[in-house]
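What follows is a short report on a single structure.
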Amino acid sequence: MKMTSRVLFRNILSLLLLFVLLNCSVSAQNLQVRRVEPTNWWVGMKEPRLQLLLYGKDLAGSTIEVNYPGVRLEKVDTVENPNYLFVDLTVGPDARPGTFSLVLTKNVQVRKGRRTSTQKTSTAVPYELRARTSDLKAQGVDQSDFIYLVLPDRFSNGDPSNDRFADMADTKADRSNPFLRHGGDLQGIINHMDYFKEMGVTALWLNPIIENDQPLTDEGGAMRSAYHGYGFTDHYQVDKRLGGNAAYKKLVEVAHANGIKVVQDAVYNHVGVNHWFIKDLPMKDWLHQWPAYTNTSYKDQPLVDPYASDIDRKVTAEGWFVPFLPDLNQSNPYVGNYLLQHAIWTVENFGIDAWRIDTYMYNDLEFMNRCNTALLEEYPRLHIFGENWVNSVLNQAYFQRNNLQLSFKSNLPGSVDFQLQFAMMDALNQKPGWNEGVQRLYQTLGQDYVYEDPTKLVTFLDNHDMDRFLSVVGEDIQKYRMGITWLLTTRGIPQLYYGTEILMKNFKNPSDAEVRRDFPGGFPGDQENKFVAAGRTQAENDAFNYVKKLATYRKNTPALHSGKLMQYLPENNVYTYFRYDDNKTIMIISNTGDTAYSLPTNRYSERIKSATKGRNVITDETISVVGSIQLAPKSTYVLELMP
């Protein structure tokens with residue numbers, strides 16, 4: 001058959017291409033650095049050492065040069081994965097704000113035919129050093145504060161345009177499905193600053209806002225999104241469905257301008273399965289590795305038990321929380337540096353005021369001591385408190401600063417006070433007994449001697465992982481008011497879960513989604529708006545006003561929020577305690593019984609002293625405290641004592 005000119009031309013091109021490939025099978029490629037983390041740093045930090053993580057393609061073998069006044073290159077480490085370099089710098093006190101270059105150079109082998117030669121390739125990576133600011137950053141939270149816990153996806157949708165993105169692993173947003181994202185965001189929270197201020201809130205704790213570019217996961221037979229935020233996929237990006245970094249900076253600035261602090265939810269123990277470095281691990285021991293998947297036992301006892309086996313301790317601390325949250329190995333120094341520097345970067349970059357640390361006890365505790373120290377050296381006023389969901393006061397104290405003589409000493413300033421929460425629920429729901437009912441509340445507070453500073457504990461009635469408070473007390477409004485009173489008048493830093501003030505209810509059955517429902521009025525198309533009095537029922541307004549009045553009084557009364565605490569043994573179902581300083585004394589009385597009671601007051605003369613009457617902070621009525629006080633069934637009194 002005769003070959004056509006077109007076919008002949010195509011064959012000639014193919015031969016030419018084959019000749020080129022045979023004679024030049026390797027060509028030099030420019031070095032490409034895809035990530036540098038931390039993404040920037042600051043001059044004037046107390047700790048001058050900085051370790052940069054560089055990620056790209058085949059970076060191993062590169063040399064690095066830095067030429068910037070005050071910045072010294074200490075060393076460059078390669079690891080198992082050639083796509084990573086770890087660069088140690090010292091940023092001296094004479095360094096000034098500006099941008100310098102990390103100049104990477106690498107020799108690449110190039111083969112042409114049978115001959116191989118070496119070719120040098122390089123790239124310059126800009127890195128910025130910024131000036132530190134000295135505004136309201138890292139103010140901390142203390143007993144004078146009232147924290148409001150918000151789950152951003154379920155609170156308010158201020159910008160529907162960011163509800164979903166086609167380039168993310170989870171592209172769904174559907175309010176009719178309890179397991180999918182609903183569209184709440186940071187702008188929605190910003191829009192309701194007046195609501196927080198009206199209620200007397202002084203600090204916002206947001207469930208995690210860092211990017212969770214996670215796929216839907218099968219949990220209990222239902223496909224669920226990571227709307228809760230506990231599976232990070234990029235430490236240096238706030239999730240764009242919440243508004244991104246710019247929206248978070250705006251929220252912190254607006255909150256501070258309104259006298260409200262911001263608590264960030266930190267997660268050190270694990271990341272999401274879709275985290276960018278999980279897809280290309282720097283080294284095998286970046287994670288806790290097991291021959292076969294091993295879940296944590298969720299048991300705190302092996303960590304404190306002097307008789308515990310090594311394997312039980314290891315399973316608790318190094319087992320994975322769930323299969324789709326890879327467990328970070330913080331004893332690996334590169335992992336530790338990465339997490340520690342991200343924490344400092346976050347405080348400096350966004351200006352947050354406190355850390356709540358998720359699943360604290362599952363972390364490497366020596367690493368946590370190191371991280372806490374580094375944060376507090378840079379930000380002495382910052383408050384750090386951990387989630388230690390354990391089953392005894394002693395075990396809770398173990399994980400924070402305590403007065404116990406132990407081989408390991410934690411330096412965590414405070415904890416979420418689960419022990420007091422358990423005690424308050426028992427006090428409201430148990431029948432009275434020698435150790436039951438309101439005795440549980442008295443006895444739990446009576447063990448505060450184990451803490452170095454119990455005032456740094458964060459008290460609460462419920463949160464995003466628990467049955468809602470109103471449901472736990474059987475929707476009994478008198479019990480509700482009593483619990484709110486204890487929360488806002490006893491020692492510690494009180495935290496209220498969003499919606500508790502408007503009587504949101506539900507148990508976790510069949511899932512956590514039942515206690516994470518949308519705040520009514522926070523979303524376009526809502527038929528009811530509970531942010532305003534006109535949208536609330538009479539009962540909801542009564543509850544809101546109760547919280548508001550007591551929180552406002554507390555905010556303006558140092559003796560109540562920061563004064564000393566003296567409590568008296570409960571008798572006849574009545575629990576009485578005092579908050580006081582040199583200027584004022586407040587008497588709190590709770591009759592947990594179902595019958596009226598005439599409370600003799602001579603027993604309390606040590607604290608009542610010369611006072612003859614008390615103003616009921618809630619009702620504004622004045623009652624006599626001489627001789628006895630008449631108590632209604634299941635009632636609570638907050639009395640400011642007067643001559």
Side-chain angles (χ1 to χ4, degrees), residues 139 141-152 154-156 158 184 186-207 251-252 254-263 353-354 356 458-464 468-470 477 480-490 492-505 515-523 526 528-558 560-561 617-620 636 638:
Q139 301 171 87
V141 293
D142 57 30
Q143 287 195 111
S144 66
D145 286 301
F146 178 29
I147 302 172
Y148 189 74
L149 169 57
V150 175
L151 182 55
R154 302 299 165 92
F155 189 68
S156 179
L186 299 176
Q187 185 59 50
I189 298 170
I190 292 169
N191 291 347
H192 295 291
M193 287 293 165
D194 287 345
Y195 178 77
F196 307 136
K197 290 172 65 178
E198 180 188 3
M199 203 193 321
V201 167
T202 66
L204 295 174
W205 159 22
L206 311 185
N207 291 115
L251 181 144
V252 174
V254 172
H256 285 169
N258 283 276
I260 295 175
K261 303 169 184 176
V262 176
V263 180
D353 301 293
R356 177 267 189 186
V458 173
T459 58
F460 69 109
L461 299 169
D462 58 359
N463 64 28
H464 56 290
R468 278 196 172 267
F469 169 57
L470 183 65
I477 296 301
Y480 169 90
R481 289 163 66 99
M482 197 172 294
I484 293 292
T485 302
W486 293 340
L487 177 71
L488 290 171
T489 59
T490 194
I493 309 166
Q495 168 252 298
L496 193 77
Y497 185 39
Y498 82 94
T500 298
E501 74 280 7
I502 56 161
L503 304 180
M504 287 181 70
K505 60 185 180 180
V515 299
R516 302 173 181 176
R517 292 192 174 184
D518 298 346
F519 193 105
F523 296 79
D526 280 358
E528 299 175 316
N529 181 8
K530 306 295 185 182
F531 286 110
V532 296
R536 298 190 286 259
T537 65
Q538 183 63 50
E540 291 165 349
N541 270 319
D542 288 346
F544 178 86
N545 290 332
Y546 191 86
V547 173
K548 171 184 173 180
K549 189 154 194 177
L550 195 49
T552 301
Y553 176 75
R554 181 182 186 279
K555 180 179 179 180
N556 297 324
T557 309
L560 184 58
H561 63 63
V617 170
I618 303 300
T619 64
D620 289 322
T636 304
V638 181

Checklist entry - Ion pair present between Asp542 and Arg536, side-chain N to carboxylate O less than 4.0 angstrom? => result no
Checklist entry - With a 6.0 Å cut-off on ring centres, are Tyr553 and Phe146 close enough? => result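 So the answer is no for these two rings.
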Item to check | Pair Phe155 and Phe531, ring centroids less than 6.0 Å apart | outcome: yes
Item to check | Donor-acceptor pair between Tyr546 and Glu501 side chains, under 3.5 angstrom | outcome: no
Checklist entry - Just by distance, with hydrogens left out, do His256 and Asp353 show a side-chain donor and acceptor under 3.5 Å apart? => result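 Per modelled atom types, His256 and Asp353 side chains form a pair under 3.5 Å.
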Checklist entry - How are the rings of Trp205 and His464 set relative to one another: parallel (under 30°), tilted (30 to 60°) or perpendicular (over 60°)? => result perpendicular
Item to check | Distance, nearest 0.5 Å, that separates NZ of Lys555 from CG of Asp145 | outcome: 9.5 Å
Item to check | Gap between atom CZ of Arg554 and atom OG1 of Thr489 - 0.5 Å precision | outcome: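 Going from the OG1 atom of Thr489 to the CZ atom of Arg554 covers 8.5 Å.
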Next on the checklist: Walk me through whether Phe460 and Tyr497 qualify under side-chain contact (heavy atoms from CB on, under 4.5 Å).
Outcome noted: CA-CA 8 Å; Phe460 69 109; Tyr497 185 39; over 6 Å; no
Item to check | Evaluation steps, side-chain contact (heavy atoms from CB on, under 4.5 Å), between Met482 and Thr636 | outcome: CA-CA 6 Å; Met482 197 172 294; Thr636 304; 3.2 Å; yes
Item to check | Candidate pair Phe544 and Tyr195, rule side-chain contact (heavy atoms from CB on, under 4.5 Å), full reasoning | outcome: CA-CA 11 Å; Phe544 178 86; Tyr195 178 77; 3.5 Å; yes
Checklist entry - If you draw a 6.0 Å radius around NZ in Lys549, do more than 12 non-hydrogen atoms from other residues or ligands fall strictly inside? => result yes
Checklist entry - Are Val263 and Gln495 close enough, and set up right, to give a side-chain contact (heavy atoms from CB on, under 4.5 Å), and what steps lead you there? => result CA-CA 11 Å; Val263 180; Gln495 168 252 298; over 6 Å; no
